[in-house]
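In what follows, a single structure is set out as structure tokens and then discussed.
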Amino acid sequence: MSSAESNAPVRADEVRYNPAEIEPRWQARWDADPALYRAEPMTSPKPKYYCLSMLPYPSGQLHIGHVRNYSIGDSLARYMRMKGFNVLHPMGWDAFGLPAENAALKNSTPPREWTIKNIAQMKVQMGRLGLSFDWADTEVATCLPEYYRWNQWFFLKMYERGLAYKKSAKLNWCPKCATVLANEQVVGGCCWRHEDTLVEQREMQQWFLRITAYAEELLDGLDKLPGWPEKVRTMQRNWIGRSDGTEVVFAVEGGASATVFTTRVDTIFGATSLQLAPEHALVKQWAETDAALAAAVDEMVAQQQAAKEAGDIGNIEKHGVFTGKHAVNPFTGQTVPVWVANYILADYGTGAIMSVPAHDERDFEFATKYGLPIKRVLAPASSGGAQDESGDLALPYTAEEEAVLIDSGDWSGEASLEAQEKMGKFAEEKGFGKRTTTFRLKDWGVSRQRYWGTPIPIIYCEEHGAVAVPESQLPVLLPENVQITQEGGSPLGKVEEFVNVVCPTCGKPARRETDTMDTFVDSSWYFYRYTDAHNDAAPFSSEKANYWFPIDQYIGGVEHAILHLIYSRFWTKVMRDLGLIKNDEPAERLFTQGMVIKDGAKMSKSKGNVVSPDDMIGRYGADATRMYALFAAPPDRDLEWQEEGVAGVSRFLARVYRLAVKFAPLVKSVEKVKGDEISPAAFAGQTEQGAKLLRTLHQTIAKITEDFAGRWHFNTCIAAIMILVNEVAAAEPAMEAGEVAPVTVAEIFHTLTLLIAPFSPFLAAELWEMLGGHGLILDAAWPVANPELAKESELEIPVQANGKLVVVVKVPADADEEAIKAAALADEKVQQRLEGKQLVKTLVIKGKLVNLVVK
RNA sequence: GCGGUCGUGGCGGAAUUGGUAGACGCGCAGCGUUGAGGUCGCUGUGUCGCAAGGCGUGGAAGUUCGAGUCUUCUCGACCGCACCA
């Protein structure tokens, strides 16, 4: 096919679209210019646009989900650039993490070497896809000291401010990872990386980041993110799990007290017992001298554990045991028994509740099982709050909006919601309680007992305890040549020269922290580093970050809705409070693309339904692969990968190529065009065919431009381009015969090339040059739809009878209602339909349709 | 259980505000081109029917001149959360 480039006359039927020849040729030209995709400096008069796709883990192989993600992002970046924006389109590598260690175990390659090699491979794949990333200025690999030293720096800043702290806690432990997991990394009781591996609980000393300090702001901020999918916002809301209620202190016999948390303090007169979590401090204390209680408690802890591991804690059979103790309800002065129950969670609220069987489902179930009294203290407002309500009201009665207190002393007759407020205040005044807010969100445990991560910059001194590594000593370098094992305990602990240091405070021998940071630390702020990736004096320049932030569009998988996206928001708020940035939120708009599935299932090696991007590119080219990824479904939905579909897109591109080759000489002969705007006057006096082509062309421009503005239904954009090309192909004989003005032919091919440029950059570049376009198509201006040229001269008006279609009539575009009505009634079929019937009403929707109401 | 998303041809999917349901592509069928092949071209393709004409957006009802679209109920699929007090 290389002879197609020669000067010999080319017979149209000999020209073949050959992406295997076109794409590498253009890639080589693009690779030769590292500044090609560089953003302009902050002084640029253009408005900025930060287009960000989530960075991949360098597994060594791009998968088809990446192709989809980056096809969306790259099309957007190219489009925005053509629209005249100063576009930042960076890429990097989330390069720390366990797979590198596993690979090291398997084929004794050091994690660093393995990772660097994978990065190189994936970069080649991205290059083949023609992705317009600004590698030279932005590329970040989180496993390099130039990056992770700033993780350490941030950690120290947080430590200074009390946002990083160490405590002993029960933590999620994945036996396969041989490390601790954050709550966010436990999925259905299993490890997020090992879906079949149950997470165990271990008591350990761990570093935590105080994300709960921002719980309220993280929650409230969600309302200010209209550009984020509702689904993600809902998931985050649930995850943060705010719950407003009241803490009430019950005095317990023996001089102790137990604080309960309740959202329904209005039902406190119905509390017939106190229920403590098995791990509650009081229970532990009592168990020391009560062997029977201790045994019962141990059993309950085991049950909770087992249920949690089975991912079935919601359905655990409720068990409890009476402690023999009693407590005093401060509202009633009455004494209630104190129980321990396995359905009370130690780590939520205060680990203690008041049990109100009449108005809580769980309490009801429990009280019924153990024969505890059930006392009603609420009635539906409709019953007037009568004290002697007939009693046939089904219990538990949990409504609060319609409910009125009964049998509740001075509070009887109050509406539930008001009572909650007033009783909370009352408790506060009397000093036995207060209104509080509880969050489900827990602090973020960031210690990992792994090698391939950021060393935590802390030194333990016998005299001074945990001492921060001085900033001047950063980075704490991750040592090379470390023996990786899958046994428990940090691999770094075995590296003497790493562990043994001197205390920065007193200079005496001390030990380094041997845990590394969760890799989600790396990805919590990487997009800031992109703006100033080579800065060795600071994580980034505030000036640059403030220019580029917030991210205008963030694109990635919905699987990060909780983990990465909540940590990133947290990190942004911390950085703002450190004075580094001004924005409160990292990204203005978030787009979560759907999964790519094959044969109805998620791709996985075990199912053998994995599609290889290299294979697709090799067979159909990068343009066809990318375009198919956008064409097969709207980007937010799951996409079923069908190879025949890629072939279809490839056929389409081949048709475009063949037509362009054929008409290139004609297009080039039109001196005026070459990417300049042509005045609409130049198109006056068209043949009907020419006018029709121009009309479709400008309708297509309008459609795609509109879609890029927010709807993002690229599947219909590409469909629209196909319609246009089908029409051009149908007009081929007419164009050959000179029945379409050359200026129109030129306009069509130039514009068509611009329209496909965001989606299939290789072919667009090839055609742009072939057609004599000025400069790089990358920098060409996006076409502007001309409404005059897009306007239909004739409208097709459906005529309905009682809402059912009878016929479609053609009317001039400017026909008024009367004219449309007349045309409809004049139609033969309509007349037939009306025969013998009475026309009750005629509805004419201008430019849309006619509906005849007939009896 | 709670929250969310979604049910349209043989398949992926169109129909943005209620206004011609099935665009575009795949697949399939027929014809053509080619020495042959198909990542080629053309034509057809919701369904019943020879046709005229019916019927059709998971199901039922409602609002409306008109409903895939709005409302209520219901069935199903997928995703997230789940003794959260």
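In what follows, chains are A, B, ... by sequence order, proteins preceding strands, each numbered from 1.
Within the 4.0 Å cut-off from OP1 or OP2 of B/A85, at least one side-chain nitrogen or oxygen of A/Tyr348 is found. Between A/Arg655 and B/U39 there is no side-chain N or O to OP1 or OP2 distance below 4.0 Å. Between A/Lys848 and the phosphate of B/U17, there is no side-chain N or O to OP1/OP2 separation shorter than 4.0 Å. Residue A/Thr234 places no side-chain N or O under 4.0 Å from the OP1 or OP2 atom of B/G80. The side chain of A/Arg362 places an N or O atom within less than 4.0 Å of a non-bridging phosphate oxygen (OP1 or OP2) of B/C84. Residue A/Arg711 places no side-chain N or O under 4.0 Å from the OP1 or OP2 atom of B/A14. Contact check, A/Asn726 against B/G25: a side-chain N or O comes under 4.0 Å of OP1 or OP2. The side chain of A/Asn715 places an N or O atom within less than 4.0 Å of a non-bridging phosphate oxygen (OP1 or OP2) of B/A14.
From A/Phe261, atom CZ reaches atom OG1 of A/Thr436 across 4.5 Å, with rounding to the nearest 0.5 Å.
Taking atom C1' on both nucleotides, B/U5 is separated from B/G18 by 22 Å, rounded to a whole Å. With both ends at atom P, the span from B/A67 to B/G62 equals 12 Å, rounded to whole Å.
One cannot find a donor-acceptor pair under 3.5 Å joining the base of B/C81 and the side-chain atoms of A/Asn238. At a cut-off of 3.5 angstrom, the base of B/U16 holds at least one donor-acceptor pair with the side chain of A/Glu706.
Salt bridge absent: A/Arg695 and A/Glu727 never bring a charged side-chain N and a carboxylate O closer than 4.0 Å.
Pairing partner, B/C6: B/G76, with both Watson-Crick or wobble hydrogen-bond distances short of 3.5 Å.
Note on A/Arg237: nothing from the nucleic acid sits closer than 4.0 angstrom, heavy atoms only.
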